[in-house]
Structures are given as C-alpha cells and as structure tokens.
Student: 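I have a structure here, written as structure tokens, and I will follow up with some questions on it.
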Amino acid sequence: MKRLLGTGIIAALFFISSHTTAATMECYVDTIKFDTYRPNVCFALIWGANTATAAFRIEEDTSKVISSVIWSDDAHSCGTTSDRYCSFTIRAFRAYTAKATILYQDGSWDTASAIASFEDGS
C-alpha cells in the first residue's frame, strides 16, 4: 500500500510540474487619461461617449515565441496576425469578448480571452 501511495504521489507531482500556465489576455477601454492593461476584464466610465476603443493584448510569455494569433469572437476583425495586439470600436452598455488562439513556433498552442465594456454615465 505504501508503495502504491508513493507511486501515486510521484505521478501527481510529475503531472503538476509539467503543466504549463495558460496564456492571459489583458485589455483596456481607451479614455482621455493614461490607461493600463488589466487581465481578463476591463471597464471604463466615459461621460457622453457612444463609442470607445477597446485594446487587447496577449500577455508576453518570454519562454515561447508566438508564430501567429487567430483573433475571434468580437475581435474577429483583427483576423490572423503575428502580433499579440488587437483593438476595435465598442459601443456603450454592451460587453465585448475578444478571444484568441495563440500558435507558438514550437508547435504548441494556447487560448485566451478578455471582456471589455464601458458606460457613458447616463
């Protein structure tokens, strides 16, 4: 029994150590002040605005080189690029989801998404 338990613990530790972290997407809704990227969800209050620009980026993983990024969902207008950045116009009072499939040069891939929205203060 001890041998079986020991083998199970070693197998679990190996699995945990070989698991890589998922990619993270960050975003901000452009305002007149200095904007900073936030992970997964971004929101702004922009008085009197009907539209704004939402900016998204894949957080850089220095251990892997990106071959291409396939943007989808509300970010489909960015298409397939070698860039980790995408931006597009959004309207007030609606959540916009940007999704991306990240293809790395080593043949691996990952997915990430973020949600952006804003209100106009009315």
Student: So, K64 and S108: side-chain donor and acceptor under 3.5 Å apart, yes or no?
Tutor: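 Side chains of K64 and S108: pair found under 3.5 Å.
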Student: Taking side chain to side chain contact (heavy atoms under 4.5 Å, CB included) as the definition, give me every residue that meets it alongside F34, ordered by chain and number, with sequence neighbours left out.
Tutor: T36
Student: Closest heavy-atom contact between N40 and S113?
Tutor: OD1-O, 4.0 Å
Student: To check you understand the geometry: which heavy-atom pair defines the closest contact between A95 and S117, and what is its length?
Tutor: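 Reported closest heavy-atom pair: CA-CB, 4.0 Å.
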Student: Search all heavy atoms of Y28 against all heavy atoms of D35 and return the closest pair with its distance.
Tutor: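 Shortest heavy-atom contact: CD1-CB, 3.4 Å.
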Student: Should V29 and Y96 be counted in the same cluster of Ile, Leu, Val, Met, Phe, Trp and Tyr side chains packed under 4.5 Å apart?
Tutor: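 Same hydrophobic cluster.
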Student: In the structure I gave you, are the side-chain heavy atoms of Q105 and I66 within less than 4.5 Å of one another anywhere?
Tutor: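 Side-chain contact under 4.5 Å: no.
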Student: How about F93 and D120: do any of their side-chain heavy atoms sit closer than 4.5 Å?
Tutor: yes
Student: I'd like to check I58 versus E60 (side-chain heavy atoms, cut-off strictly below 4.5 Å). Are they in contact?
Tutor: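 Result no, sub-4.5 Å side-chain heavy-atom pair not found.
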Student: Tell me whether E26 is salt-bridged to R38, with the criterion being a basic N under 4.0 Å from an acidic carboxylate O.
Tutor: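 A salt bridge is absent here (no side-chain N lies under 4.0 Å from a carboxylate O).
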Student: Tell me, yes or no, whether the heavy-atom count around R94 atom CZ, taken from other residues, nucleotides or ligands under 6.0 Å, exceeds 12.
Tutor: yes
Student: To check you understand the geometry: which heavy-atom pair defines the closest contact between S67 and S82, and what is its length?
Tutor: O-CB, 3.8 Å
Student: Using 0.5 Å steps for rounding, measure from the CZ atom of F118 to the CD1 atom of I90.
Tutor: 5.5 Å
Student: Show the nearest heavy-atom pair for residues A52 and I46, with the distance to one decimal.
Tutor: CB-CD1, 3.7 Å
Student: If you group Ile, Leu, Val, Met, Phe, Trp and Tyr by side-chain heavy-atom gaps below 4.5 Å, do M25 and Y85 land in one group?
Tutor: no
Student: Any disulfide bond (SG atoms under 2.5 Å apart) pairs touching residues 91-122, not counting sequence neighbours?
Tutor: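 Sorted result for residues 91-122: empty, none.
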Student: Considering all heavy atoms of both residues, which atom of D110 and which atom of Y104 are nearest to each other, and what is their separation?
Tutor: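 What the structure gives for the nearest pair is CB-CE1, 3.9 Å.
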Student: For F88 and F56, I'd like to know if the aromatic rings sit close, meaning centre-to-centre distance below 6.0 Å.
Tutor: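 Yes; F56 has its ring centre under 6.0 Å from that of F88.
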Student: Scan the side chains in residues 68-80 for donor-acceptor partners under 3.5 Å anywhere in the protein, sequence neighbours excluded, and list what turns up.
Tutor:
from	atom 1	to	atom 2	distance (Å)
D74	OD2	T97	N	2.8
H76	ND1	D73	O	2.9

Student: Answer yes or no on whether R57 is positioned over the face of Y37, meaning its NZ or CZ is under 6.0 Å from the six-membered ring centre and within 45° of the axis.
Tutor: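 That pair qualifies as a cation-pi contact.
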